Peer 1: 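Got a structure for you, written out below as structure tokens; questions coming shortly.
The structure displayed is predicted, hence computed values, not measured ones. Chain letters run A, B, ... following the sequence lines, proteins first, then strands; residues in each count from 1.
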Amino acid sequence: MSPAAPELDFFQRVYAVVRQIPPGRVTSYGAIARYLGSAQSARTVGYAMNAAHSLPEVPAHRVVNRVGLLTGKHHFGGFTAMQQQLEAEGIPVEDDQIQNFSQHFWDPMNEL
DNA sequence: ACCGTGACTGACG
DNA sequence: ACGTCAGCCACGG
């Protein structure tokens with residue numbers, strides 16, 4: 001399987017990676033961008049998540065910014081939906097900040 | 001084909 | 001340690 005297959009649209013490549021994030025783990029926009037070979041496309045990764053709403057298989061709640069802050073929660077219908085989904089997987093969140101972030105971090109560069 | 005937009009990031013003061 | 005600034009890049013109009 002080639003998640004970074006260049007023949008696929010950038011968004012599709014992003015989704016391919018996000019789908020492989022294990023439950024209870026999280027990663028960052030930048031980490032995904034770097035894995036796809038476009039380290040400076042972190043913003044575009046977030047843009048892709050925005051369009052991923054129609055794709056139920058894409059666990060967008062497992063993608064946060066580099067310090068573990070839930071910067072994308074405003075795009076989750078409610079303002080607590082993202083946090084609740086994370087805590088449901090055993091990831092403690094306090095004031096939009098994932099606790100023990102490095103401990104839950106999942107780097108596609110190392111794991112894939 | 002050009003321009004504005006954004007769920008980011010690293011550097012700087 | 002914390003707020004601010006400026007690059008970056010893919011998408012849609």
Side-chain angles (χ1 to χ4, degrees):
Chain A
M1 170 106 94
S2 305
E7 43 267 39
L8 294 176
D9 289 345
F10 187 79
F11 279 23
Q12 293 304 314
R13 280 180 278 166
V14 171
Y15 303 149
V17 176
V18 177
R19 276 199 300 266
Q20 298 177 66
I21 302 175
R25 306 294 297 283
V26 294
T27 191
S28 72
Y29 306 95
I32 294 174
R34 284 186 302 127
Y35 175 72
L36 296 179
S38 302
Q40 297 154 307
S41 304
R43 303 189 69 173
T44 308
V45 172
Y47 199 83
M49 289 300 100
N50 189 35
H53 271 283
S54 54
L55 310 173
E57 307 162 32
V58 181
H61 63 281
R62 297 184 191 141
V63 185
V64 297
N65 79 342
R66 66 177 173 123
V67 298
L69 206 54
L70 310 193
T71 54
K73 70 168 188 173
H74 292 164
H75 294 266
F76 270 77
F79 291 81
T80 59
M82 188 174 187
Q83 177 176 334
Q84 293 183 335
Q85 288 186 67
L86 287 171
E87 297 188 317
E89 297 183 355
I91 300 177
V93 178
E94 186 174 326
D95 193 36
D96 298 339
Q97 168 67 54
I98 292 180
Q99 304 300 299
N100 307 314
F101 181 55
S102 59
Q103 187 178 318
H104 296 286
F105 190 72
W106 179 86
D107 189 349
M109 206 59 118
N110 299 324
E111 308 293 342
L112 295 183

Peer 1: Atom CZ of A:Arg34 and atom C1' of B:dG10: how far apart are they, to the nearest Å?
Peer 2: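 Between C1' of B:dG10 and CZ of A:Arg34: 12 Å.
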Peer 1: What's the shortest heavy-atom distance between A:Ala60 and A:Phe76, and which atoms?
Peer 2: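 Heavy atoms only, the tightest pair is C-CZ, 3.8 Å.
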Peer 1: Where do A:Ala31 and A:Phe105 come nearest, in terms of heavy atoms and distance?
Peer 2: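 A:Ala31 and A:Phe105 have their closest heavy atoms at CB-CZ, 3.9 Å.
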Peer 1: Looking at every heavy atom in both A:Phe101 and A:Arg66, which two are closest together, and how far apart are they?
Peer 2: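 The answer is CE2-O, 3.2 Å.
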Peer 1: Could you tell me whether A:Ala60 contacts a base, only the sugar-phosphate backbone, or nothing, with contacts defined as non-hydrogen atoms closer than 4.0 Å?
Peer 2: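 Here A:Ala60 touches the bases of the nucleic acid.
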Peer 1: What string of B, S and - do you get for nucleotides 8-13 of chain C 5' to 3' if you count protein non-hydrogen atoms under 4.0 Å?
Peer 2: BBSS--
Peer 1: Would one find a side-chain N or O of A:Thr71 under 4.0 angstrom from OP1 or OP2 of B:dC8?
Peer 2: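 Result: yes.
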Peer 1: Whole angstrom is fine here: how far is it from CD1 in A:Ile32 over to P in B:dC8?
Peer 2: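 From A:Ile32 CD1 to B:dC8 P: 12 Å.
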Peer 1: Would you indicate what A:Asn50 reaches in the nucleic acid, counting non-hydrogen atoms under 4.0 angstrom: base, sugar-phosphate, or nothing?
Peer 2: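 Since a base atom lies under 4.0 Å of A:Asn50, the category is base.
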Peer 1: Once Watson-Crick and G-U wobble pairs under 3.5 Å are found, how is DNA chain B written in dot-bracket notation, 5' to 3', with | for any base paired to another strand?
Peer 2: .|||||.||||||
Peer 1: Sort out for me which residue in A:Val45, A:Leu55, A:Val63 forms a side-chain contact (heavy atoms from CB on, under 4.5 Å) with A:Val18.
Peer 2: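 Of A:Val45, A:Leu55, A:Val63, side-chain contact (heavy atoms from CB on, under 4.5 Å) with A:Val18 is met by A:Val63 alone.
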Peer 1: Heavy-atom distance under 4.5 Å between the side chains of A:Thr27 and A:Tyr35, does that happen here?
Peer 2: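 The answer is no, as the side chains (C-beta and beyond) never meet within the 4.5 Å cut-off.
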Peer 1: Side chains of A:Glu111 and A:Gln20: does their closest heavy-atom pair fall under 4.5 Å?
Peer 2: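 Contact flag for A:Glu111/A:Gln20 side chains = no.
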Peer 1: Output the rounded distance in Å from NE2 (A:His53) to C1' (B:dG6).
Peer 2: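 Rounded to whole Å, this separation is 14 Å.
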Peer 1: Are the side chains of A:Leu86 and A:Leu70 in touch, meaning some heavy atoms are under 4.5 Å apart?
Peer 2: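 When only atoms from C-beta onward are counted, A:Leu70 and A:Leu86 do touch, with a gap below 4.5 Å.
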Peer 1: Minimum heavy-atom separation for A:Pro59 and A:Glu57, please, with both atom names.
Peer 2: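 Result for this residue pair: CD-O, 3.1 Å.
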